[in-house]
Amino acid sequence: MSVKIAPSILAADFSNLERDIKYINESKADWFHLDIMDGVFVPNISFGMPIVDTISKLALKPLDVHLMIVEPDRYIEIFSKLGSKILTVHYEACNHLHRTIQKIKSLGMKAGVALNPHSNINLLIDVIEDIDLVCLMSVNPGFGGQTFIENTYKKISQLKEIIENKNIKCLIEIDGGVNDVNANKLISCGANVLVAGSYVFKSGNPAFNIEKLKRF
Ligand code: DX5
Ligand code: ZN
């Protein structure tokens, strides 16, 4: 299976949102990655329901929604109604992660769990069989355009080993600072999904940048 590319809309030009969504629709990208930040779990606020609704109406590919918010259970249902296909919550934001995962899946979405750079892979050992996707944060969440944290490679390999040993289908997604310099190594360590914001939107042609990541 070739690597999936999920461009992060956080890096799009919001004054030309329809155009940028069209770029992704017409590119080789696989998903739309939507970063929802509440200013509490992370020190930044991004965008909310009206923008997700707009994107949902224009997007021709699955919405991969990354909730960087406290108490995400409050919003699972609404993101399902807004068309989220993959809904990712943070391990660090959930007191009852198992229950949260079941709730996401009961609404027909794929359940993702994100781990901050400081959180050990083994924290997921008792729920990994219930998770469809683990999002390894390769920057501290909250902002686009940050530098990739090198320790991520080790975490991918550790997670891949667990997934293989258990013979399960959980996807490994990498989020933050992904570009054409680190993509190859990320994939060889075991990454299945690459989120890329700045690399896709901030210079040159998004479709070409996506194709470059897809070629590794
Ligand atoms: C960070 C977000 C990322 C971010 C990625 O908190 O979760 O998805 O938008 O942006 P780049 O690729 O610019 O690091
Ligand atoms: Zn994200």
Side-chain angles (χ1 to χ4, degrees), residues 3-14 17 20-21 23-24 27 29-48 51-52 55 59 61-70 72 75 79 84-93 104 109-119 132-153 155-156 171-187 191-204 206 208-210 212-214 216:
V3 71
K4 290 188 196 304
I5 307 298
S8 171
I9 294 301
L10 191 63
D13 174 355
F14 280 76
L17 188 56
D20 281 4
I21 291 169
Y23 283 158
I24 305 308
S27 75
D30 298 272
W31 297 344
F32 283 83
H33 185 84
L34 308 187
D35 289 304
I36 311 299
M37 304 177 183
D38 66 355
V40 180
F41 181 70
V42 289
N44 195 12
I45 298 174
S46 57
F47 50 84
I51 298 285
V52 176
I55 296 170
K61 301 178 183 192
L63 303 189
D64 169 36
V65 177
H66 177 193
L67 299 182
M68 283 161 274
I69 64 175
V70 296
Y75 296 105
F79 280 104
S84 170
K85 290 282 175 287
I86 305 109
L87 190 63
T88 296
V89 296
H90 265 263
Y91 171 85
E92 300 84 3
I104 295 171
M109 297 179 285
K110 301 278 184 208
V113 177
L115 273 188
N116 277 340
H118 71 273
S119 295
D132 296 299
L133 173 149
V134 174
C135 174
L136 292 179
M137 292 308 300
S138 39
V139 297
N140 287 294
F143 302 92
Q146 302 182 81
T147 306
F148 176 83
I149 297 172
E150 299 281 322
N151 189 52
T152 311
Y153 297 120
K155 291 174 81 172
I156 301 172
L171 294 175
I172 304 176
E173 177 177 72
I174 310 303
D175 188 6
V178 171
N179 55 39
D180 60 353
V181 175
N182 52 32
N184 199 16
K185 192 166 170 190
L186 291 169
I187 296 163
N192 309 111
V193 186
L194 300 180
V195 174
S198 307
Y199 175 74
V200 166
F201 288 107
K202 296 294 186 202
S203 66
F208 181 66
N209 296 338
I210 291 163
K212 275 208 282 185
L213 293 180
K214 208 61 190 172
F216 286 111

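Whatever order the structure lists ligands and atoms in, that order sets their numbers, starting from 1.
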Quick one: which ligand 1 atoms are inside 4.0 Å of a heavy atom on [X]?
| X | answer |
| --- | --- |
| Met68 | 6 (O), 7 (O) |
| His33 | 8 (O) |
| Leu10 | 9 (O) |
| Ser8 | 8 (O), 9 (O) |
| Met37 | 6 (O) |
| Ala196 | 12 (O) |

Can you find an N/O atom of [X] closer than 3.5 Å to an N/O atom of ligand 1?
| X | result |
| --- | --- |
| Met137 | no |
| Gly145 | yes |
| Val195 | no |
| Gln146 | no |
| Gly142 | yes |
| Asp175 | yes |
| Asp35 | yes |

Hey, are the side chains of [X] and [Y] touching, using non-hydrogen atoms and a 4.5 Å cut-off?
| X | Y | value |
| --- | --- | --- |
| Ile36 | Val52 | yes |
| Leu87 | Leu63 | no |
| His33 | His66 | yes |
| Ile210 | Ile24 | yes |
| Pro117 | Pro141 | yes |
| Val193 | Ile174 | no |

- ring-ring contact (aromatic ring centres under 6.0 Å, His included) partners of Phe47, counting only residues at least two apart: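 Phe14.
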Residue and atom name of the nearest protein heavy atom (relative to [atom]), distance in Å to one decimal:
| atom | result |
| --- | --- |
| atom 14 (O) of ligand 1 | Gly177 N, 2.8 Å |
| atom 12 (O) of ligand 1 | Gly197 N, 2.8 Å |
| atom 10 (O) of ligand 1 | Gly144 CA, 3.7 Å |

- Message: Below a 4.0 angstrom heavy-atom separation, can you tell me which part of Phe143, side chain or backbone, both or neither, approaches ligand 1?
- Response: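 Within the 4.0 Å criterion, Phe143 contacts ligand 1 through backbone atoms alone.
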- Message: Does only the side chain of Ser198 get under 4.0 Å from ligand 1, or the backbone, or both, or neither? Count heavy atoms.
- Response: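 Both backbone and side chain.
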- Message: So, at under 2.8 Å, which protein N, O or S atoms would a careful student list around the Zn ion (ligand 2)?
- Response: His33 NE2, Asp35 OD1, His66 ND1, Asp175 OD2
- With a 4.0 Å cut-off on heavy atoms, does Lys202 reach ligand 1?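 No, Lys202 has no heavy atoms under 4.0 Å from ligand 1.
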- Message: Does the residue Gly176 have a heavy-atom contact with ligand 1, meaning some pair of atoms that are separated by less than 4.0 Å?
- Response: yes
Determine yes or no for a side-chain-to-main-chain donor-acceptor pair under 3.5 angstrom, with [X] supplying the side chain and [Y] the backbone.
| X | Y | answer |
| --- | --- | --- |
| Gln146 | Gly176 | no |
| Asp38 | Val70 | yes |
| Ser198 | Gly145 | yes |
| Lys110 | Thr88 | no |
| Asp64 | Trp31 | no |

- Does NZ belonging to Lys61 count more than 12 external heavy atoms closer than 6.0 Å?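 Check passes, neighbour count above 12.
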- side-chain hydrogen bond (donor to acceptor under 3.5 Å, both in side chains) evaluation trace for Asp175 with Ser138: CA-CA 6 Å; Asp175 188 6; Ser138 39; over 6 Å; no
- Begin with the C-alpha distance, continue with both residues' side-chain angles, and end with the deciding distance and a verdict on ring-ring contact (aromatic ring centres under 6.0 Å, His included) for Phe148 and Tyr199. CA-CA 12 Å; Phe148 176 83; Tyr199 175 74; over 10 Å; no
- Message: Salt bridge or not between Asp30 and Lys214? Use side-chain N to carboxylate O under 4.0 Å.
- Response: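 Here Asp30 pairs with Lys214 in a salt bridge, since their nearest N and O are under 4.0 Å apart.
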